[in-house]
There are 2 protein chains.
Amino acid sequence: MTRSPEPLQPQPRHSGGKTRRRGAALETALIDAAWDELQAAGYASLTMEAVAARAGTSRAVLYRRWRGRPELVIAAMRRHRPMLSGEVPDTGSLRGDVLALLHQMSGRLAETGPETVYGLLGDYFADAELFSRIQDQVLQIGTGVMATILKRAADRGEARHDISSMIATLPTDLFRHQIFLARTPPSERVIVEIVDDVFLPLTRP
Amino acid sequence: MTRSPEPLQPQPRHSGGKTRRRGAALETALIDAAWDELQAAGYASLTMEAVAARAGTSRAVLYRRWRGRPELVIAAMRRHRPMLSGEVPDTGSLRGDVLALLHQMSGRLAETGPETVYGLLGDYFADAELFSRIQDQVLQIGTGVMATILKRAADRGEARHDISSMIATLPTDLFRHQIFLARTPPSERVIVEIVDDVFLPLTRP
DNA sequence: CTTATTAAGATACGACCGGATCTTAATTAC
DNA sequence: GTAATTAAGATCCGGTCGTATCTTAATAAG
């Protein structure tokens with residue numbers, strides 16, 4: 001006891017007096033704190049400091065697990081949102097499938113909260129290292145699903161078989177571009193226009 | 001002299017001993033310092049502190065003129081780059097014009113330096129207020145030029161007259177989307193693909 | 001059970017932010 | 001020329017960042 005002669009130490013911040021959480025229990029608490037802080041403050045105002053305080057610990061503990069705010073928030077979102085992405089629309093028509101896909105993306109954005117999405121985008125653009133680590137993930141979002149949809153459409157005779165990947169990803173790319181540039185999900189009118197006036201004419205046999 | 005009993009005051013940072021720059025002269029010095037710092041450190045490492053130090057003044061002087069880093073850097077770029085945007089390509093064919101336009105954009109990006117562009121993008125995404133202040137500017141980049149190009153093409157009989165604005169901005173939008181997502185200017189192959197496989201088929205009479 | 005290892009949590013560091021205050025040059029008004 | 005106004009530049013503030021260090025619980029190893 002060379003450092004603290006004061007009898008009243010500065011109140012250990014975590015609830016249980018002198019318990020010290022570890023491993024999964026601690027990690028869950030941290031992620032929950034991040035999630036709560038995200039709801040309470042929003043992405044822009046979310047600080048590592050605030051999350052640590054909410055979890056009753058210090059920043060160092062956060063930095064031992066995540067590189068920074070964006071990774072922490074993404075971890076929180078992964079935990080608190082099932083991320084039910086898997087479902088490929090199958091409405092029976094190419095037009096219906098693509099529209100459904102875009103609506104799906106629209107819903108996803110709305111759920112996540114645009115403010116969080118743009119905040120994350122900001123952090124990702126600012127850091128090349130960070131960006132490259134999710135580049136593939138985001139870039140491929142359209143590809144797989146559209147391949148399936150187009151395959152089925154081609155088998156039904158609705159589309160050619162030799163659709164280039166650029167055309168295949170047109171709907172999702174244009175959708176994303178709208179989000180980037182307008183900072184708001186595309187309106188229903190724009191979605192329909194993407195599909196009817198741009199995409200479908202380029203895919204017909 | 002109640003505050004500094006030390007005889008050696010901390011070396012007034014601006015060169016001329018006790019001259020105090022003002023107005024345009026000062027502003028030029030600040031902008032030059034920002035530009036130099038941008039070249040020396042790059043956007044990501046450019047701090048207001050460093051620019052102020054380089055200009056031999058303090059941050060407060062910078063904040064009196066610009067809201068923050070992005071506006072300061074943009075001011076520096078405006079000063080040090082003629083921004084010769086005006087020229088609308090006129091090659092005699094729709095295909096040539098659009099290709100020229102995309103190459104122009106490609107060159108612009110290269111000149112500015114991708115690192116700076118992505119850094120700016122990061123700051124803009126992070127701040128809704130900031131974003132909305134340049135939204136129109138960036139959003140409209142394609143529109144005007146493409147309108148002119150398409151008008152001429154339609155008069156030559158190369159394109160329909162009733163091209164929707166979404167199709168009109170397809171090339172620039174897809175180009176931008178590539179930049180956003182790949183964090184690198186589109187290859188020549190991609191540019192040609194945008195024009196030949198996507199844009200031109202949608203514009204023919 | 002005792003000892004060694006791990007890592008939680010506290011604390012301190014230097015950097016930068018954005019703003020505020022204060023003194024004092026530089027400028028303008030009279 | 002003198003006085004009033006403006007704003008440059010220095011300094012300080014509280015906040016956050018990311019890192020490093022230290023103590024000491026919690027766990028694992030023997």
Side-chain angles (χ1 to χ4, degrees), chain A residues 1-6 8-30 33 37 41 43-73 119 122-123 126-127 129-130, chain B residues 1-6 8-30 33 37 41 43-73 119 122-123 126-127 129-130:
Chain A
M1 240 192 104
T2 50
R3 266 226 258 107
S4 307
E6 304 90 339
L8 46 124
Q9 51 260 72
Q11 189 74 294
R13 288 194 284 185
H14 57 285
S15 47
K18 56 177 52 189
T19 50
R20 198 181 268 190
R21 297 155 298 181
R22 276 209 168 201
L26 174 60
E27 186 150 329
T28 301
L30 296 175
E37 185 66 18
Y43 188 87
S45 309
L46 182 146
T47 70
M48 299 300 269
E49 183 73 37
V51 173
R54 192 182 279 268
T57 181
S58 59
R59 266 174 300 139
V61 180
L62 291 175
Y63 282 109
R64 274 187 204 115
R65 281 153 214 276
W66 298 280
R67 284 167 168 274
R69 179 174 63 163
E71 356 261 310
L72 172 57
V73 167
D123 284 344
D127 183 355
E129 156 73 9
L130 186 62
Chain B
M1 236 191 113
T2 51
R3 267 225 256 107
S4 307
E6 304 88 340
L8 46 125
Q9 52 259 69
Q11 187 75 290
R13 290 192 284 186
H14 59 283
S15 47
K18 56 177 52 188
T19 50
R20 197 181 269 190
R21 297 156 298 183
R22 277 211 168 200
L26 174 60
E27 185 150 331
T28 301
L30 297 175
E37 184 66 19
Y43 188 87
S45 309
L46 182 146
T47 69
M48 299 300 268
E49 182 74 36
V51 173
R54 190 182 280 269
T57 183
S58 59
R59 268 173 299 138
V61 179
L62 291 176
Y63 282 110
R64 273 187 204 114
R65 283 154 213 274
W66 299 280
R67 285 169 166 274
R69 179 175 61 164
E71 357 261 310
L72 171 56
V73 168
D123 285 345
D127 184 354
E129 156 72 10
L130 188 60

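Every chain is numbered from 1 and lettered A, B, ... according to where its sequence line falls, protein lines coming before strand lines. Since the structure is predicted, the reported quantities are computational estimates derived from the model, not experimental observations.
- Rounded to whole Å, the distance from CG on A:Leu46 to P on D:dT16 is 11 Å.
- Regarding contacts with the backbone of D:dG9, a side-chain N or O of B:Thr57 is found under 4.0 angstrom from either OP1 or OP2.
- Going from atom CG of B:Asp123 over to atom P of C:dC17 covers 11 Å, rounded to whole Å.
- For B:Val61, the listed nucleotide lying nearest its side chain is D:dG9; candidates were D:dA26, D:dG9, C:dC17.
- In this structure, A:Ala33 and A:Arg54 approach most closely via the heavy-atom pair O-CD, 3.3 Å.
- With rounding to whole Å, B:Arg65 atom CZ is found 9 Å from D:dA7 atom P.
- With rounding to whole Å, A:Arg21 atom CZ is found 12 Å from D:dA26 atom P.
- The residue among A:Leu30 and B:Met48 whose nearest nucleotide of DNA chain C is located toward the 5' end is A:Leu30.
- Rounding to the nearest 0.5 Å gives a distance of 8.5 Å between CZ of B:Arg67 and CG of B:Leu130.
- Atoms CG (A:Leu62) and P (D:dT19) sit 13 Å apart, rounded to a whole Å.
- Shown here for B:Arg69 and B:Tyr43, the closest heavy-atom pair between the two residues is NH1-O, 2.9 Å.
- Taking atom CZ of residue A:Arg64 and atom P of nucleotide C:dA10, one finds them 11 Å apart after rounding to whole Å.
- Distance, A:Glu49 CD to C:dT11 P: 12 Å, rounded to whole Å.
- Rounding to the nearest 0.5 Å places CG of A:Leu62 at 12.5 Å from CD of A:Glu71.
- Judged by closest nucleotide on DNA chain D, B:Ala60 is the one of A:Ala60 and B:Ala60 placed further toward the 5' end.
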Steps toward side-chain contact (heavy atoms from CB on, under 4.5 Å) verdict (A:Val51, A:Leu46) = CA-CA 7 Å; A:Val51 173; A:Leu46 182 146; 4.0 Å; yes
Just the table, please: protein N/O against nucleotides 1-6 of chain C N/O, every pair under 3.5 Å.
{"from": "C:dT6", "atom 1": "O2", "to": "A:Arg22", "atom 2": "NH2", "distance (Å)": "2.5"}

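- Which of D:dA8, D:dC17, C:dA7 sits closest to the side chain of A:Arg20 comes down to C:dA7.
- Between B:Tyr63 atom OH and C:dT21 atom P the separation is 18 Å, expressed in whole Å.
- At a threshold of 4.5 Å between non-hydrogen side-chain atoms, the residues B:Val73 and B:Pro70 do not count as touching.
- Checked by atom type and distance alone, the side chain of B:Arg65 never pairs as donor or acceptor with a backbone atom of B:Leu72 at under 3.5 Å.
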